[in-house]
Amino acid sequence: MSEQTAAKILEINNLTVSFDGFKALNNLTFSMKVGELRVVIGPNGAGKTTFLDVITGKVKPTEGQVYFKGQNLRPYNEHQIARMGIGRKFQTPRVYLNLTVRENLDLACNRQKGVFHTLFGKASKIDRRTVNGLLETIGLTPKAELQAALLSHGEKQRLEIGMLVAQSPDLLLVDEPVAGLTDEETENVGNLLLALAESHSIVVIEHDMEFVRQIARTVSVLHQGSLLCEGSMDEVQQDPRVIEVYLGQQEEEAA
Ligand code: ADP
Ligand code: MG
């Protein structure tokens, strides 16, 4: 392993994913340093979700490799890759609605120890401190004893991000976390991701441009399964190729 590879959390070379000959990802090259917060944007059908599916092992590449912390992920299945330290948040929240906010976080902290331990065992002091810290981070301390079913959509999103963090992944993958959220909730989720970025490597897939502006340092634009361009939000928004693919999409939506 070269020095250069070791400093990268993700390194993706010439990645192609074909579905019956259709290339959802087409010779994609992507690389990200440890500790980076990266936003990936692109019009519908650009290959964003497939990109996450390949990193998490849900879909195997037709060609090319994904290296995570210098290790080729090809031989590993989805569960093994999750255990290696890649956590994924899906678009819709997957929290236990009949449990309280605290119980959801307890469960996530104790995944390895099993559900029985969490529900019937006494939480250790360390676990309690971890959960209290997580509640603070996600801004849900005042709602800790509330049933998750009673949370707003945005609060559920934050709870699920907290549950992901509880499993201490090295890399967090977050798919469209603010879809359907109010402006205020969007800002809360943005601030949470910025706080987590202090100590995690994060990939956020996003559509909402305002939100991207709030959180983005480096933006990668996907188009037809390839990297169209990469840079700061300003650079990307002024790139004629980006303007063209986004305008094209607006025209389609208007039609
Ligand atoms: P995005 O998330 O950027 O909207 P996707 O990664 O979901 O894009 O999809 C990229 C393209 O690949 C789309 O044209 C989609 O129809 C196609 N695709 C995705 N998954 C499959 C699949 N399992 N079988 C066939 N085609 C697929
Ligand atoms: Mg998608």
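Just so you know, these numbers come straight off a predicted model, no measurement behind them. In each ligand, atom 1 is the first atom listed, and ligand 1 is the first ligand listed. Note that these values count all heavy atoms, side chains included, but never hydrogens, waters or copies made by symmetry. This chain uses plain numbering: 1 for the first residue, then up along the sequence.
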Closest non-hydrogen atom pair, A148 against L159: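 Closest heavy-atom pair between A148 and L159: CB-CD2, 4.1 Å.
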
Pairs of nitrogen or oxygen atoms closer than 3.5 Å, one from [X] and one from ligand 1: do any exist?
X	answer
A24	no
N44	no
F19	no

Show the atom names and distances, to 0.1 Å, of all donor-acceptor pairs under 3.5 Å that link a side chain in residues 73-80 to residues at least two apart or in another chain.
from : atom 1 : to  : atom 2 : distance (Å)
R74  : NH2    : G64 : O      : 3.0
Y76  : OH     : Q71 : NE2    : 3.1
N77  : OD1    : H79 : N      : 3.0
N77  : OD1    : Q80 : N      : 2.9
Q80  : OE1    : N77 : N      : 2.8

N/O/S from T50 sitting under 2.8 Å away from the Mg ion (ligand 2):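 No N, O or S atom of T50 is closer than 2.8 Å to the Mg ion (ligand 2), so no.
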
Approximate separation, where rounding is to 0.5 Å, of T16 OG1 and L28 CG: 8.5 Å

Residues D170, K69: salt bridge by 4.0 Å N-O rule: yes

Salt bridge E145-R102, side-chain N to carboxylate O under 4.0 Å: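 The answer is yes: the pair qualifies as a salt bridge.
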
Please write down residue, atom name and distance for the protein heavy atom closest to [atom].
atom	result
atom 7 (O) of ligand 1	T49 CB, 3.8 Å
atom 9 (O) of ligand 1	T50 OG1, 3.8 Å
atom 8 (O) of ligand 1	G47 N, 3.2 Å
atom 4 (O) of ligand 1	G45 N, 2.8 Å
atom 17 (C) of ligand 1	F22 CE2, 3.8 Å

Heavy atoms of other groups near K33 NZ, more than 12 under 6.0 Å: no

Can you give each donor-acceptor pair under 3.5 Å made by side-chain atoms of residues 215-227, sequence neighbours left out, with the distance rounded to 0.1 Å?
from : atom 1 : to   : atom 2 : distance (Å)
S220 : OG     : R38  : NH1    : 2.8
S220 : OG     : E230 : OE2    : 2.8
S226 : OG     : N26  : O      : 2.8

Protein contact for atom 12 (O) of ligand 1 (heavy atom, distance under 4.0 Å): yes

Non-hydrogen protein atom less than 4.0 angstrom from atom 21 (C) of ligand 1: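 Neighbour list for atom 21 (C) of ligand 1 includes protein heavy atoms (cut-off 4.0 Å).
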
Side chains of Q65 and N72, donor plus acceptor under 3.5 Å: yes

